[in-house]
There are 2 protein chains.
Amino acid sequence: MIKKTSLKDIAHEAGVSIALVSYVLNGKNTKRINVETAEKIKQIAKALNYQPNQIAKSLKSNKTYTLGLIVADISNFFYSYIAGHIEDEANRFGYNVLFGSAYEDPKRFQKLLDVMLARQVDALILAIPDGAEDSLNTIKDSGVPFVLIDREFPEFGELNSIVLDNYNASASVVRKFASLGCRKVAAIGLESNLFHLQERSRGFTEIAEQILGPSTGKVYNLSEGSLPDKIQPLIKQILEEEQVDGICCFTNKIAMATLPLLLSLKVQVPKEITIICYDEVEAYKLFPYPMSFVRQPLEEMSKEAVRYLLGQDKHKVMGVRKFEAVLIDMQGYS
Amino acid sequence: MIKKTSLKDIAHEAGVSIALVSYVLNGKNTKRINVETAEKIKQIAKALNYQPNQIAKSLKSNKTYTLGLIVADISNFFYSYIAGHIEDEANRFGYNVLFGSAYEDPKRFQKLLDVMLARQVDALILAIPDGAEDSLNTIKDSGVPFVLIDREFPEFGELNSIVLDNYNASASVVRKFASLGCRKVAAIGLESNLFHLQERSRGFTEIAEQILGPSTGKVYNLSEGSLPDKIQPLIKQILEEEQVDGICCFTNKIAMATLPLLLSLKVQVPKEITIICYDEVEAYKLFPYPMSFVRQPLEEMSKEAVRYLLGQDKHKVMGVRKFEAVLIDMQGYS
DNA sequence: CTGAAAGCGCTTACAG
DNA sequence: CTGAAAGCGCTTACAG
């Protein structure tokens, strides 16, 4: 019960060599093997409930059929949704997924990365934190195929990256605001050097300037940790002092801090303020007022990452692949 | 860059045996080794950026430092939250987590299980689906330490399980309804033989009978797939024909189908109906009316599972450990 | 048609 | 103080 059966056990039982058992069970050199011997071996393997030891296989083949996935936080729906689709697609290729959350901490990220490389993962899908550019060297030096997801680092050349076209997404957010009659909008973002967030800001400000006029699209950045404390004064400031009539939340975390606040402050949505958020969460279904959100094609993006890594093309350079967002309108129930 | 450095490389470079390098790098037999040789070896290891191959280590040691986690659906917050805490705690023990979603499908579950066992995971944390009792034999025969999470199978003896005290949780739900003045309540559950769901039903019906009177606590079960279609007629029936004044949703999925419906039907909460849901989700923060929910101590439960498996006690039988729920009141913003 | 042998990268009891 | 050797469970070129 504790001892697992190995090729040796089967070989012993069948009175043949280990090599032969290996050939039979793997269906190799199959034509030159005595049919009866083969049958007998298979019988015994089944009877002993043989399960090949993947560790031993991996040592020989240098393939672990394991995909390493490092996200910011698996308990954030954005990443768990991605993780689910990555797993599904990986399974299709006979792969399993080893995951880790780096919580946007470069040290934790590097540690997870080291562990995954030591475990000889065949490929990596990574949401690299801000400030972990050093880890890029580890990754490149390892020679393990990788794709960055939801992150890009243009200053490091054309790294394989699967990202939203964030500039464009923000542009369509601003256009949506304009079409809903907004005159002056604001966005709440995160204090971060991450390029994809910068792009959100840049698109927001530039397009606001372009279609609503100068200084109509300010972006206010908070640190993730200070959200609970600082979001309320910020919202008040934006609404009262800045006379803004449209707010865009740049992440679902920010949205989940902002929306309850609007409810408790009894701000009239969308009469006083129009709301557009990045990233779909189920929670929006409970928000009683009309709002819109930016949907990333996450399923497609996840699967694309896996297909690239496990398909034919892993040794070609993919470079940066941008996906277009879809803006979704929600009516609310008020 | 592609070729990883091995003990052999270091040994060659240092002009010593592989064994010696292994001893030095693992700090074994350390006192009987020439200090200078040791230093030299360490230098070279560092210079060549040596990372031990875990696969080879595992083959020898029969330890993979991998924890297998099979949940119903990683993209459901309930499980991704658990997964996050399991990972954190596992990391603390030097372990990594291989995960899979079985989507409540016994075949998928068995397949994931087989793969994880073939990969020689050191321990398993499992949310076994309804109808996958056969897999229990695979698990037991493997001899791999395991804990069921959020599931229990009393008909199979005292399997290690970490669960909510679901009977008690439902009891406190009913008491809460009563204290809020409800006279006749109903619950919406899932068509399933899973014991923990049965217990929720049993506690609900029995305690309702006890404190509100006969036939005051019916449970309506829907299949997960039919939720989108059948929830609306069911809610209408419950409200209009059955004259119920309190509804309990037995899972967060059911809650996320029911609550938006109440909004769109403009049902007055809590005037017409009082709502209590199982399992916390962030979304409740956006629900504009007062409601209550059953909070499972998931962090503690997750960590307990890991500690049992990776700590001292893994070869003792843990049996069923029940955790008590906490009922949380939410004011809403209406 | 089948087997002995080498080897994947490590560890460790044993011998010197 | 150090090394040769066996072995973890597999695969596979080679020999017969």
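Numbered from 1 within each chain, the chains take letters A, B, ... in sequence-line order.
- OP1 and OP2 of C:dC10 both lie 4.0 Å or more from every side-chain N or O belonging to B:S58.
- A salt bridge does not link A:E87 with B:R108: every distance from a Lys NZ or Arg NE/NH1/NH2 to an Asp or Glu carboxylate oxygen is 4.0 Å or more.
- Applying the Watson-Crick and G-U wobble criteria (two distances, each under 3.5 Å), D:dA13 pairs with nothing in any strand.
- Across all strands shown, D:dA4 has no partner, as no Watson-Crick or G-U wobble contact with both distances under 3.5 Å is found.
- Note on B:Y50: every side-chain N or O is 4.0 Å or more away from OP1 and OP2 of C:dG9.
- Annotation: of the two residues near DNA chain D, A:A56 and B:V16, the 5′-most nearest-nucleotide partner is B:V16.
- Rounded to an integer number of Å, the gap from B:N26 CG to C:dA13 P is 13 Å.
- Side-chain proximity of B:P52 to D:dG3, C:dC10, D:dG9: nearest is C:dC10.
- Between the CG atom of B:L25 and the P atom of C:dT12 there is a distance of 14 Å, rounded to whole Å.
- Here the P atom of nucleotide D:dG9 and the NZ atom of A:K60 are 16 Å apart, to the nearest Å.
- Only the P atoms considered, D:dA4 is 16 Å distant from C:dG7, to the nearest whole Å.
- For the OP1/OP2 pair of D:dT2 and a distance below 4.0 Å, the side-chain nitrogens and oxygens of B:S17 include no atom meeting the criterion.
- Closest of all the heavy-atom pairs between B:L67 and B:V306 is CD2-CG2, 4.2 Å.
- Put simply, the side chain of B:S22 never gets that close to the backbone of B:I18: no donor and acceptor are under 3.5 Å apart.
- Regarding A:L59, its CG atom lies at a distance of 12 Å from the P atom of C:dT11, rounded to whole Å.
- Across the protein-nucleic acid pair, A:I18 atom CD1 and C:dA5 atom C1' stand 11 Å apart, rounded to whole Å.
- Distance, A:K8 NZ to D:dC8 C1': 9 Å, rounded to whole Å.
- Separating the CG atom in A:L113 from the OG1 atom in A:T138 is a distance of 5.5 Å, to the nearest 0.5 Å.
- Salt bridge absent: B:E36 and B:K40 never bring a charged side-chain N and a carboxylate O closer than 4.0 Å.
- Between D:dT11, D:dC8, C:dC10, one nucleotide has an atom nearer to the side chain of A:L7 than all others, and that is D:dT11.
- Within 4.0 Å of A:T37, counting heavy atoms only, lie sugar-phosphate atoms of the nucleic acid but no base atom.
- Comparing D:dA5, D:dT12, D:dG9 by their closest approach to the side chain of B:A19 singles out D:dA5.
- In this structure, the NZ atom of B:K4 is 9 Å from the P atom of C:dC10, given to the nearest Å.
- The interatomic distance linking B:Y23 (OH) with D:dA5 (C1') rounds to 11 Å, in whole Å.
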